[in-house]
Amino acid sequence: MLTKAQWKVCRDEIADMYPDAHCELVHDNPFELLVATMLSAQCTDALVNRVTKDLFKKYKRPEDYLAVPLEEVQNDIRSIGLFRNKAKNIRAMSEILLEKYGGIVPDDRDTLTTLPGVGRKTANVVVSVAYGVPAFAVDTHVERVSKRLGINRWKDSPMEVEQKLMRWTPEEEWSQTHHQLIFFGRYFCKAKTPECGICPILNMCREGRKRMGLNKKDEEME
DNA sequence: AACTCGGGGCA
DNA sequence: TGCCCAGAGTT
């Protein structure tokens, strides 16, 4: 397993690789951020950005999604997949926002996760990016990188991954580190074809060493 | 824990 | 062609 000190070194190396890592989703408008994050489930960020570019010109406020038939919203996001459920959730979420929260996106995770289509990951992204609440949103990239490095075990739940990363990372670095891990996972430590051969932290990476056939005497941690 | 939603990108 | 993708809800 990785040590906390080694994790510090890894964070610094990854920060060096992606010094300008930032949230590619909308960050200045909580409602648009919430919609964009809901759309991003099981879908590449490039595809979401392509759709939201037109979507946010047409739909500015919660009322706008309720002013047109469900089928129209579905059609407007058709190209990202899972569009039936996502459109339904966005309209249901908008309605609750108007009825219970005055059209304002709540700033705490527990309230957000009560909204239809908003789970733990989406809620974390919204509170941290839109409201500056310290959070370590564990998405597929963060989870994969964490487990490959050996911060977590392969069998750990997303909750356990999140807790460990928060304990091992200074709170003021949670958001920044999260986005740098996203970039690192998306463009370098890729799910199918990780760039282990030119990785600056290969010597500390459990999975990377295994992939490169470098595990001396095999310290299998499982 | 396993299953479903889903069109587009990429090998 | 087949597999995967900034997840969440249901069973």
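Chain letters run A, B, ... following the sequence lines, proteins first, then strands; residues in each count from 1. Computed from a prediction, not measured in an experiment: that's the story for all the values here.
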Touch check for Val118(A), heavy atoms < 4.0 angstrom, all strands: base, sugar-phosphate only, or nothing? sugar-phosphate
For the side chain of Thr122(A) and the backbone of Val118(A), is there at least one donor-acceptor N/O pair under 3.5 Å apart? no
With sequence neighbours excluded, give me every side-chain hydrogen bond (donor to acceptor under 3.5 Å, both in side chains) pair touching residues 28-40 of chain A. none
By salt bridge (Lys or Arg N to Asp or Glu O under 4.0 Å), Asp107(A) pairs with (sequence neighbours left out) none
Keeping Gln6(A) on the side-chain end and Thr3(A) on the backbone end, is there a donor-acceptor pair under 3.5 Å? yes
Hits for salt bridge (Lys or Arg N to Asp or Glu O under 4.0 Å) against Asp156(A), two or more places apart or cross-chain, chain-then-number order -> none
Could you list all the side-chain hydrogen bond (donor to acceptor under 3.5 Å, both in side chains) pairs where at least one residue sits in residues 136-147 of chain A, not counting sequence neighbours? His141(A)-Arg144(A), Glu143(A)-Lys147(A), Ser146(A)-Asn152(A)
Give Thr122(A) one of three labels, base, sugar-phosphate or nothing, depending on what nucleic acid heavy atoms sit under 4.0 Å from its own. sugar-phosphate
Suppose you measure atom P in dA6(C) against the same atom in dA2(B); what distance do you get, rounded to whole Å? 22 Å
Residues which pass salt bridge (Lys or Arg N to Asp or Glu O under 4.0 Å) with Asp64(A), listed by chain and number, not counting sequence neighbours: Arg61(A)
Between dC3(C) and dC3(B) - P atom distance, rounded Å: 16 Å
Do nucleotides 1-11 of chain B as a string where each nucleotide becomes B, S or -: B if the base has a protein heavy atom under 4.0 Å, S if just the sugar-phosphate does, - if no protein is that close. ----BBSSS--
Residues Lys164(A) and Glu160(A) bridged, charged N to O under 4.0 Å: no
At a heavy-atom distance below 4.0 Å, which nucleotide of DNA chain C is the first touched by chain A, and which is the last? dC4(C) to dG9(C)
Could you tell me how far dA8(C) sits from dG8(B) if I compare only their P atoms? Round to whole Å. 23 Å
Output the rest of the hydrophobic cluster of Leu66(A): all Ile, Leu, Val, Met, Phe, Trp and Tyr residues reachable through side-chain heavy-atom contacts under 4.5 Å, sorted by chain and number. Leu98(A)
Here the salt bridge (charged side-chain N to carboxylate O under 4.0 Å, His left out) pairs for residues 76-98 of chain A, sequence neighbours left out, are Lys58(A)-Asp76(A)
Whether Thr114(A) side chain and Thr111(A) backbone form a donor-acceptor pair below 3.5 Å: yes
Could you list by number each residue of residues 136-146 of chain A showing a heavy-atom separation from DNA chain C of less than 4.0 Å, or answer none if no residue does? Thr140(A), His141(A)
Do the side-chain N and O atoms of Arg109(A) and Asn124(A) include a donor-acceptor pair separated by under 3.5 angstrom? yes
Ignoring hydrogens and angles, write down the donor-acceptor pairs under 3.5 Å from the side chains of residues 184-202 of chain A, residues two or more places apart or on other chains.
unit_1	atom_1	unit_2	atom_2	d
Lys190(A)	NZ	Glu195(A)	OE2	2.9

Residues in contact with DNA chain C, drawn from residues 175-190 of chain A - heavy-atom cutoff 4.0 Å: Ile182(A), Arg186(A)
